[in-house]
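So the structure is just underneath, and the comments pick up after that.
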Amino acid sequence: MPLLKNKFNLGKGGFKLIQYMAGGLPVVASSVGYNQQVVNEAYGYLVTSDNEWKEALTKLVVSEEVWKQKAYAAYKAWEDLFSFQKNYKIWQKLLIGQFQQKIKYSIVIVNWNSGEQLKSCLNSMINLVEKNYQIKKVVIVDNASKDSSVNFDRTHYPFPCELIQNKKNMGFAYACNQGSKQCGVKFKDDRKMAKVDLIKNSYEDIEYLLFLNPDTMLKLDTLYKLSQYLLRKPNDIGIVGIQLFDEFQHISKTCSHFPNKVRRLCKVLGITKLIPSTDIVMSEWDHKASRQVDQVMGAFFVISKQLFEYLNGFDERFFVYYEEVDLSKRAKDIGYRSYFFSGAQAFHKGGGTSEQVLDKRLFYILNSYLKYEKKHNGLIGFIFGCGLVGVEYFARIGLLLVKRKKGNIKYLNNAYRELLLELLKK
């Protein structure tokens, strides 16, 4: 009979099924608890009702061929995942007390005219003490920089440091995916990939991707403290950010809510200045404590390598901005939360190289916002978003006049002109 999804039943199951698989038996199980991680369609059935139980058992009883196929697949799965022969090295380490699980980081840095900041970022990783983690490699993806920011010796670092140089600026999302592939990420076209593929053996080292801005610098214990958390975190935490501070040692407000029209309107109308809790950015919160959030900043963005693969990476339609918002939203939609961990800190200058192109920056922010609205809220959301962006133009004009920054109006007009041309193309 199917099991109800209560707390007791969620803690049951899975282990008996592994014994059946070892005996070469196909498995039928309720879709609760550890069963969901063990059972795969290749060798069994997950069922949720009396009718599904009957249908699954009937298929096995009626067809000897189905029984044989699933029985063989069940045994092979047990042999590959759980047998002593395949996992003897793990057992050997456990028996002699030499096992210590580690976090393995592959770091991707997207560079664009960052000057000396990139080198400073890499230099901050030289003297790190790797106790509970390992830096597998650092991949720098240069988006056609015109300065000399990547012209330095990369051979003296204590970790492999690789460089990819694009002939033109491919955008942040594209470059991140490009760097992740260099780190061994393999994107899957099949969106129905079994969720068991996201679960690692608890005795294996765990691989994470760290997307890092070149205007950041790590402290000696940044990755050590982060790794301590990652080794004990709940399984449904898929994305993690840490506490970032600026040159004045002020904690930056880096976490945000997912965008919605009410918060956007409050921002446009200036209500967020009076009531900070209405803002998309969580500016009312001091960021001194750890907590679950909708989204962490992309300047220091840690995600499980398997989850990143499962989501097919960043959506490259976002040239820059909102790509991490979209990824976090897609992760949450399949049950993986984002978490802000205040126990680890790093320096982040903020603004970075985007300060060099104020009009382009505003264009990309607005354009990516509209793409996000269309992707997650459909045509109605897109049209409503266009209306808000239009109102925002006049609000920005008024603010610049009040602040006596008439010279910046030309940048505002350039950004909106480019946005209009982009929308007309579509």
Side-chain angles (χ1 to χ4, degrees), residues 112-115 117 172 213-216 243-288 293-299 318-325 347-373 382 384-424:
W112 184 73
N113 297 324
S114 66
Q117 292 180 134
F172 185 76
N213 275 17
D215 61 345
T216 58
Q243 195 178 78
L244 302 178
F245 59 89
D246 60 21
E247 55 264 46
F248 304 107
Q249 299 298 307
H250 296 151
I251 299 172
S252 303
K253 309 294 178 65
T254 55
C255 298
S256 299
H257 301 283
F258 289 130
N260 64 44
K261 298 169 187 61
V262 173
R263 291 187 184 278
R264 186 80 187 188
L265 183 61
C266 288
K267 181 75 172 177
V268 170
L269 298 178
I271 296 173
T272 55
K273 297 290 184 182
L274 300 173
I275 311 174
S277 60
T278 61
D279 200 351
I280 292 173
V281 178
M282 300 174 73
S283 55
E284 81 286 359
W285 170 43
D286 60 15
H287 285 61
K288 291 183 179 179
V293 295
D294 283 345
Q295 174 225 332
V296 299
M297 181 181 272
F318 297 94
F319 187 84
V320 65
Y321 300 115
Y322 280 84
E323 69 287 323
E324 79 272 33
V325 188
F347 168 78
H348 178 227
K349 179 180 183 295
T353 54
S354 60
E355 291 178 342
Q356 304 168 25
V357 281
L358 295 177
D359 48 356
K360 277 286 186 183
R361 180 185 182 188
L362 179 58
F363 161 71
Y364 285 125
I365 289 173
L366 296 175
N367 192 36
S368 292
Y369 163 68
L370 292 177
K371 287 180 179 179
Y372 179 90
E373 281 291 339
F382 172 74
F384 198 92
C386 287
L388 286 176
V389 167
V391 173
E392 185 174 342
Y393 172 78
F394 294 102
R396 285 179 177 272
I397 288 284
L399 185 62
L400 290 173
L401 291 174
V402 169
K403 290 186 174 182
R404 297 181 180 180
K405 293 183 177 181
K406 293 182 181 180
N408 285 351
I409 292 178
K410 65 179 180 180
Y411 298 118
L412 178 66
N413 288 335
N414 288 343
Y416 270 81
R417 186 182 301 112
E418 191 168 355
L419 179 64
L420 182 60
L421 291 173
E422 181 72 17
L423 294 176
L424 290 175

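If you're wondering where the values come from, they're calculated on a predicted model, not measured in any experiment.
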Any chance you could measure [X], atom [atom1], to [Y], atom [atom2], to the nearest 0.5 Å?
X: His348; Y: Asp215; atom1: NE2; atom2: CG; value: 3.5 Å
X: Leu419; Y: Asn414; atom1: CG; atom2: CG; value: 12.5 Å
X: Asn260; Y: Ile280; atom1: CG; atom2: CD1; value: 6.5 Å
X: Ser277; Y: Arg263; atom1: OG; atom2: CZ; value: 7.0 Å
X: Tyr416; Y: Leu423; atom1: OH; atom2: CG; value: 11.0 Å
X: Gln243; Y: Asp286; atom1: CD; atom2: CG; value: 9.0 Å

Compare all side-chain heavy atoms of [X] with those of [Y] and state whether any distance is below 4.5 angstrom.
X: Arg264; Y: Tyr369; value: yes
X: Glu323; Y: Phe172; value: yes
X: Phe347; Y: Glu247; value: yes
X: Ser368; Y: Val320; value: no
X: Leu362; Y: Leu412; value: yes
X: Leu370; Y: Cys386; value: yes
X: Thr254; Y: His287; value: yes
X: His257; Y: Gln295; value: no

Discussion item. Between the side chains of Asp279 and Lys267, is the shortest nitrogen-to-carboxylate-oxygen separation below 4.0 Å, so that they form an ion pair?
Written reply: yes
Practice prompt. Would you please say whether a donor-acceptor pair under 3.5 Å links the side chains of Asn367 and Tyr321?
Written response: no
Practice prompt. Tell me, please, which residues at least two apart from Arg396 pass salt bridge (charged side-chain N to carboxylate O under 4.0 Å, His left out).
Written response: Glu392
Item to complete: List for me each residue that meets salt bridge (charged side-chain N to carboxylate O under 4.0 Å, His left out) alongside Lys261, sequence neighbours excluded, and say none if there are none.
Response: Glu373
Fill in: From CA spacing to verdict: side-chain contact (heavy atoms from CB on, under 4.5 Å), Ile251, Asp246
CA-CA 7 Å; Ile251 299 172; Asp246 60 21; over 6 Å; no
Worksheet item: Relative to each other, are the rings of Tyr364 and Phe319 parallel, tilted or perpendicular (30° and 60° limits)?
Response: parallel
Fill in: Minimal non-hydrogen separation, Val325 against Pro259, with atom names
CG1-CD, 3.7 Å
Worksheet entry | Minimal non-hydrogen separation, Asn213 against Thr216, with atom names | O-OG1, 2.6 Å
Discussion item. Could you go through Trp285 and Cys255, starting from their C-alpha distance and side-chain angles, then the distance that decides it, and tell me whether this counts as side-chain contact (heavy atoms from CB on, under 4.5 Å)?
Written reply: CA-CA 9 Å; Trp285 170 43; Cys255 298; 3.9 Å; yes
Discussion item. Before you tell me yes or no, could you show the steps for Glu422 and Phe363 under side-chain contact (heavy atoms from CB on, under 4.5 Å), namely the whole-Å CA-CA distance, both residues' side-chain angles and the distance that decides it to 0.1 Å?
Written reply: CA-CA 10 Å; Glu422 181 72 17; Phe363 161 71; 4.1 Å; yes
